[in-house]
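Sequential numbering from 1 along the given sequence is applied to the chain's residues. Note that the coordinates shown come from a computational prediction; the quantities given were computed from them, not determined experimentally.
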Amino acid sequence: QVQLVESGGGLVQAGGSLNLSCASSLNVVNNVMGWYRQAPGKRRELVARISGDIRTIYGDSRKGRFTISRDNAKNTVYLQMNSLKPEDTGVYFCNAGGDFGAWGQGTQVTVSS
C-alpha cells in the first residue's frame with residue numbers, strides 16, 4: 001500500500017519558516033512528487049513539484065520563498081517555506097504521481113498576522 005506521511009506543519013508568525021517533510025513508500029526519484037495546499041472551501045492548488053531534476057514553484061508570491069527538494073536515500077520530499085504570509089495558511093498535502101496518484105493525510109500550516 002502506498003504511504004505518504006507529511007510532517008512539519010504548525011502555527012507560525014508571519015515572516016517565519018517551516019520545513020515540511022513527506023516520507024514516501026514510493027521512490028521519490030522515479031515518481032513525480034508535489035505539494036498542494038487546500039484552504040477551507042477551496043480546491044487543492046499545486047504549490048510545488050519536483051520531477052526528475054526539474055523543480056517548480058507555482059505562484060509568483062511563492063517564488064523566492066518556497067523550495068522543493070528531496071533526499072533520495074531517505075525517500076523523502078521537503079518543502080522549505082520561508083517568509084511565511086497569512087495567505088500561505090492551509091492544509092498541505094504531499095502527492096506522488098499527479099492528480100490520479102497517491103496523497104498523504106495532510107499537515108496543517110497556519111500563519112498568523
Side-chain angles (χ1 to χ4, degrees):
Q1 191 75 21
V2 176
Q3 294 286 331
L4 299 173
V5 182
E6 303 99 328
S7 61
L11 174 63
V12 298
Q13 190 176 10
S17 298
L18 286 173
N19 189 23
L20 307 184
S21 298
C22 173
S24 175
S25 67
L26 295 172
N27 188 289
V28 298
V29 178
N30 296 336
N31 289 276
V32 177
M33 305 296 297
W35 287 96
Y36 291 69
R37 182 184 71 96
Q38 186 169 27
K42 302 291 185 179
R43 183 180 178 180
R44 289 185 189 182
E45 62 173 345
L46 180 59
V47 172
R49 176 167 283 166
I50 183 167
S51 178
D53 295 328
I54 302 174
R55 307 177 186 187
T56 306
I57 302 298
Y58 296 87
D60 290 339
S61 67
R62 299 187 182 99
K63 295 175 181 176
R65 299 189 298 121
F66 288 17
T67 303
I68 187 169
S69 63
R70 64 173 184 252
D71 187 323
N72 299 344
K74 295 181 178 180
N75 225 26
T76 300
V77 177
Y78 304 95
L79 182 65
Q80 178 67 46
M81 305 186 294
N82 299 323
S83 301
L84 283 163
K85 304 175 179 181
E87 53 262 44
D88 296 319
T89 293
V91 179
Y92 283 73
F93 295 88
C94 182
N95 168 265
D99 291 348
F100 300 100
W103 297 89
Q105 83 286 354
T107 184
Q108 177 71 45
V109 171
T110 303
V111 184
S112 62
S113 60

Atom pairs and distances, side-chain donor-acceptor, residues 4-20, under 3.5 Å, sequence neighbours left out:
{"from": "Glu6", "atom 1": "OE1", "to": "Gln105", "atom 2": "N", "distance (Å)": "2.9"}
{"from": "Glu6", "atom 1": "OE1", "to": "Gln105", "atom 2": "NE2", "distance (Å)": "3.3"}
{"from": "Glu6", "atom 1": "OE1", "to": "Gly106", "atom 2": "N", "distance (Å)": "3.0"}
{"from": "Glu6", "atom 1": "OE2", "to": "Cys94", "atom 2": "N", "distance (Å)": "2.6"}
{"from": "Glu6", "atom 1": "OE2", "to": "Gly106", "atom 2": "N", "distance (Å)": "3.2"}
{"from": "Ser17", "atom 1": "OG", "to": "Asn82", "atom 2": "OD1", "distance (Å)": "3.0"}

Between Thr89 and Glu87, do the side chains contain an N or O donor and an N or O acceptor separated by less than 3.5 Å?
no
Just how far is it from atom NZ of Lys74 to atom OG of Ser21, taken to the nearest 0.5 Å?
8.5 Å
Cation over ring, Arg44 on Phe93, under 6.0 Å and within 45°?
yes
Measuring from atom CD of Gln1 to atom OG of Ser25, what distance do you get when rounded to the nearest 0.5 angstrom?
8.5 Å
Looking at side-chain heavy atoms only, is the closest gap between Asp88 and Phe66 below 4.5 Å?
yes
What is the distance from atom OG of Ser69 to atom CG of Leu79, rounded to the nearest 0.5 Å?
8.5 Å
Has the side chain of Asn72 got a donor or acceptor atom that lies under 3.5 Å from a matching backbone atom of Val29?
no
Begin from the C-alpha positions of Asn95 and Met33 and carry the test side chain to side chain contact (heavy atoms under 4.5 Å, CB included) through to its verdict.
CA-CA 6 Å; Asn95 168 265; Met33 305 296 297; over 6 Å; no
Any donor-acceptor pair under 3.5 Å from Asp71 side chain to Val77 backbone:
no
Checking side chain to side chain contact (heavy atoms under 4.5 Å, CB included) for the pair Glu45/Arg43: CA distance, chi angles, key distance, verdict?
CA-CA 6 Å; Glu45 62 173 345; Arg43 183 180 178 180; over 6 Å; no
I would like to know whether Cys22 and Trp35 meet side chain to side chain contact (heavy atoms under 4.5 Å, CB included); could you show each step before the answer?
CA-CA 9 Å; Cys22 173; Trp35 287 96; 3.6 Å; yes
As an exercise, state the distance from CZ of Arg37 to NZ of Lys42, rounded to the nearest 0.5 Å.
9.5 Å
Locate the shortest heavy-atom distance separating Val91 from Gln108; write the atom from each residue and the value.
CG2-OE1, 3.2 Å
Just distance, no hydrogens or angles: give the donor-acceptor pairs under 3.5 Å from side chains in residues 49-61, sequence neighbours left out.
{"from": "Arg49", "atom 1": "NH2", "to": "Tyr36", "atom 2": "OH", "distance (Å)": "2.9"}

